[in-house]
Amino acid sequence: MQRRKFLALASVAALSLTVAACDTPAGTSDAVAGKKPYIAIVSKGFQHQFWQSVKQGAENAAKEFNVDISFEGPDKETNVQQQMDQLNNAMAKNPQALALAALDSKAAEGVLEDAKSKNIPVIAFDSGVDSDIPVATASTDNKAAAAEAAKHLAELLGNKGEIAIIGHSQTATSGTDRRDGFVDYLKTNAPDIKVVDIQYADGDQAKSTDAAKSIMTAHPNLAGMYGTNEGAAIGVVNAVKEAGKTGKLVIVGFDSGKAQMDAIKDGLMAGAVTQNPVGIGYETVKAAVAAIKGEKVEKVIDTGFYWYDKTNIADPKIAANLYE
């Protein structure tokens, strides 16, 4: 009788362990067991190769610093609620640090406060948030990078003409900075270039194509266009091709990816600013590890940017920051 009771208890224990294992997120079993710190990373999305490169950088750092990470993001960069669900689920796993690229700074406020109350350090990446809670932000200086794109567009247009912008977000800091940095540069340095329209298309190629075509119809004298991320820039390229205006508009963009690289090589796009996505992912995890240890972390971690066009796209220094 005692033996049967023992076996029954052993079976229940084994079943409990099995259920617990099924509920443990991939890559975090060691963290749950207390062997490695666990860092939860919530990105803006997965639809662009940019985020896969960020993920690669994060994984490289996780291996180097011997920590476990999870990396997820919403299906589209418009799915704020999905990202919030992912952030709340990440917090439910009690990570030692939380990293996020917020789609909507205001929407994320509750999660940030929750992390603060639990003494979980927060690292922002790609986009900053309107809060003092993150101990660090690893990102491109988006205003400076956008100004670089504006400088090249202005030079290519002889500092005059009408242009338009296809933005990817009005709520993410990266989106507003890439707009403002571009516009501010032109106001100061090329006042004869007029920004006739700015439309937002959520970084979606199809929406960006439609928005760009609409602008071209409304402004037949348009001389140039700027797309603030990978999806926006390719949308502009597609719109110009579909409208039969190839070679008649100067196009500059932001980010890279195979489609943009091909467009530049083919002469459809003049050039673009690339970030350092692998570096963003790496520095995010590195900062999280330091914060977990209680070490000092730089408040702003500038991960750099480069202008690339047909003349330097094959340069090893540039190529290392391009992603396909």
Check the pair V195 / Y226 against side-chain contact (heavy atoms from CB on, under 4.5 Å), numbers first and verdict last. CA-CA 10 Å; V195 180; Y226 162 58; over 6 Å; no
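- With D85 as the fixed residue, the side chain to side chain donor-acceptor pair (under 3.5 Å) test singles out one of Q82, Q81, Q83: Q81.
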Please determine whether salt bridge (charged side-chain N to carboxylate O under 4.0 Å, His left out) holds for the pair E113 and K116, giving the CA-CA distance in whole Å, both sets of side-chain angles, and the decisive distance to 0.1 Å. CA-CA 5 Å; E113 291 292 343; K116 181 180 179 181; 5.1 Å; no
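- With Q96 contributing its side chain and Y38 its backbone, the two residues share a donor-acceptor pair below 3.5 Å.
- Around atom NZ of K265, more than 12 heavy atoms belonging to other residues, nucleotides or ligands sit under 6.0 Å away.
- Here the closest non-hydrogen pair linking A233 and G253 is CB-CA, 4.0 Å.
- Between the side chain of T176 and the main chain of Q170, no donor-acceptor pair closer than 3.5 Å is present.
- For NZ of K258, the number of neighbouring non-hydrogen atoms (other residues, nucleotides, ligands) closer than 6.0 Å is 12 at most.
- One hydrophobic cluster, built from ILVMFWY side chains closer than 4.5 Å, cannot hold both M225 and I193; they sit in different ones.
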Would Q52 and Y323 count as a side chain to side chain donor-acceptor pair (under 3.5 Å) here? Give the steps. CA-CA 9 Å; Q52 295 302 316; Y323 46 92; over 6 Å; no
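- At least one donor-acceptor pair closer than 3.5 Å links the side chain of N229 to the backbone N or O of G231.
- Residues L222 and A164 approach most closely at CD1-N, 3.9 Å, considering heavy atoms.
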Does N321 form a side chain to side chain donor-acceptor pair (under 3.5 Å) with Q275? I'd like the steps, not just the answer. CA-CA 7 Å; N321 293 282; Q275 303 182 78; over 6 Å; no
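- Criterion: ILVMFWY side-chain heavy atoms under 4.5 Å apart, direct or through other members. Under it, L112 and V297 are not part of a common hydrophobic cluster.
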For V289 and I39, run side-chain contact (heavy atoms from CB on, under 4.5 Å): C-alpha distance rounded to whole Å, both residues' side-chain angles, the deciding distance at 0.1 Å, then the answer. CA-CA 8 Å; V289 171; I39 301 166; 4.0 Å; yes
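- At a threshold of 4.5 Å between side-chain heavy atoms, the hydrophobic network of Ile, Leu, Val, Met, Phe, Trp and Tyr places I234 and W307 in two separate groups.
- Annotation for I264 and G271: closest pair CD1-CA, 3.7 Å, computed over non-hydrogen atoms.
- In this structure, A99 and T284 approach most closely via the heavy-atom pair CB-CG2, 3.5 Å.
- Under the 4.5 Å side-chain heavy-atom criterion for ILVMFWY residues, a single connected hydrophobic cluster contains both V67 and I41.
- Surrounding NZ of K118 are more than 12 heavy atoms belonging to other residues, nucleotides or ligands, all under 6.0 Å away.
- The two atoms that bring S70 and A40 nearest to each other are OG-CA, 3.6 Å, heavy atoms only.
- Atom CD of E298 sits in a sparse spot, with 12 or fewer heavy atoms from other residues, nucleotides or ligands closer than 6.0 Å.
- Atom NZ in K36 sits 4.5 Å away from atom CG in N66 (nearest 0.5 Å).
- To the nearest 0.5 Å, atoms CG (L249) and CG (L157) are separated by 9.0 Å.
- F71 and F46 have perpendicular rings, their planes meeting at more than 60° on a 0 to 90° scale where under 30° would count as parallel.
- Residues I251 and L268 form no side-chain contact, since every pair of their non-hydrogen atoms from C-beta on lies 4.5 Å or further apart.
- Between the S214 side chain and the D210 main chain, no donor and acceptor come within less than 3.5 Å of each other.
- Between T173 and S105, some side-chain heavy-atom pair lies under the 4.5 Å cut-off.
- Put simply, the side chain of N189 does not reach to within 4.5 Å of the side chain of K151, judged on heavy atoms.
- With hydrogens and angles disregarded, no donor-acceptor distance shorter than 3.5 Å links the side chain of D114 to the backbone of G110.
- At a threshold of 4.5 Å between non-hydrogen side-chain atoms, the residues V80 and T171 do not count as touching.
- We find the CD-CD distance between E72 and Q86 to be 4.5 Å, quoted to the nearest 0.5 Å.
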Walk me through whether Q56 and N60 qualify under side chain to side chain donor-acceptor pair (under 3.5 Å). CA-CA 6 Å; Q56 182 60 58; N60 292 346; 2.8 Å; yes
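- A donor-acceptor pair is defined here as one N or O able to donate and one able to accept, closer than 3.5 Å; such a pair exists between the side chain of K299 and the backbone of P134.
- Within the 4.5 Å cutoff, side-chain heavy atoms of I215 are placed close to those of I166.
- Among R178, H168, R179, the single residue meeting the side chain to side chain donor-acceptor pair (under 3.5 Å) criterion with T228 is H168.
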From CA spacing to verdict: side-chain contact (heavy atoms from CB on, under 4.5 Å), N276, E283: CA-CA 10 Å; N276 176 9; E283 292 294 340; over 6 Å; no
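- V122 and A115 get closest at one heavy-atom pair: CG2-CB, 3.6 Å.
- Interatomic distance, CD1 of I313 versus CG of L322, reported as 6.0 Å (0.5 Å rounding).
- Summarising the geometry, atom CD1 belonging to I120 is positioned 10.0 Å from atom CD1 belonging to I292; distances are rounded to the nearest 0.5 Å.
- For the pair L87/M91, no side-chain contact is recorded, criterion being any heavy-atom separation below 4.5 Å from C-beta on.
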What donor-acceptor contacts under 3.5 angstrom involve side-chain atoms of residues 124-131, with partners at least two apart or in another chain?
{"unit_1": "D126", "atom_1": "OD2", "unit_2": "K44", "atom_2": "NZ", "d": "3.0"}
{"unit_1": "S127", "atom_1": "OG", "unit_2": "K44", "atom_2": "NZ", "d": "2.6"}
{"unit_1": "S127", "atom_1": "OG", "unit_2": "S174", "atom_2": "N", "d": "3.1"}
{"unit_1": "S127", "atom_1": "OG", "unit_2": "S174", "atom_2": "OG", "d": "3.0"}
{"unit_1": "S131", "atom_1": "OG", "unit_2": "I133", "atom_2": "N", "d": "3.0"}

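- Not a single donor-acceptor pair under 3.5 Å links the side chain of D202 to the backbone N or O of D204.
- The structure places OH of Y185 at 8.0 Å from CD of E148, a figure rounded to the nearest 0.5 Å.
- No continuous path of hydrophobic side-chain contacts links M269 to I163 [ILVMFWY only; heavy atoms under 4.5 Å].
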Audit row: V42, V111, side-chain contact (heavy atoms from CB on, under 4.5 Å) steps and yes/no: CA-CA 12 Å; V42 180; V111 173; over 6 Å; no
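- Q260 contributes a side-chain N or O that, together with a main-chain N or O of F254, makes up a donor-acceptor pair within less than 3.5 Å.
- Within 6.0 Å of atom NZ in K245, more than 12 heavy atoms from other residues, nucleotides or ligands are found, so the atom counts as buried in its surroundings.
- The existence of a salt bridge linking K63 and E59 is excluded, since no basic side-chain nitrogen approaches an acidic carboxylate oxygen closer than 4.0 Å.
- A 4.5 Å side-chain heavy-atom check between L153 and F182 finds at least one atom pair inside the cut-off.
- At least one side-chain heavy atom of V135 sits under 4.5 Å from a side-chain heavy atom of I123.
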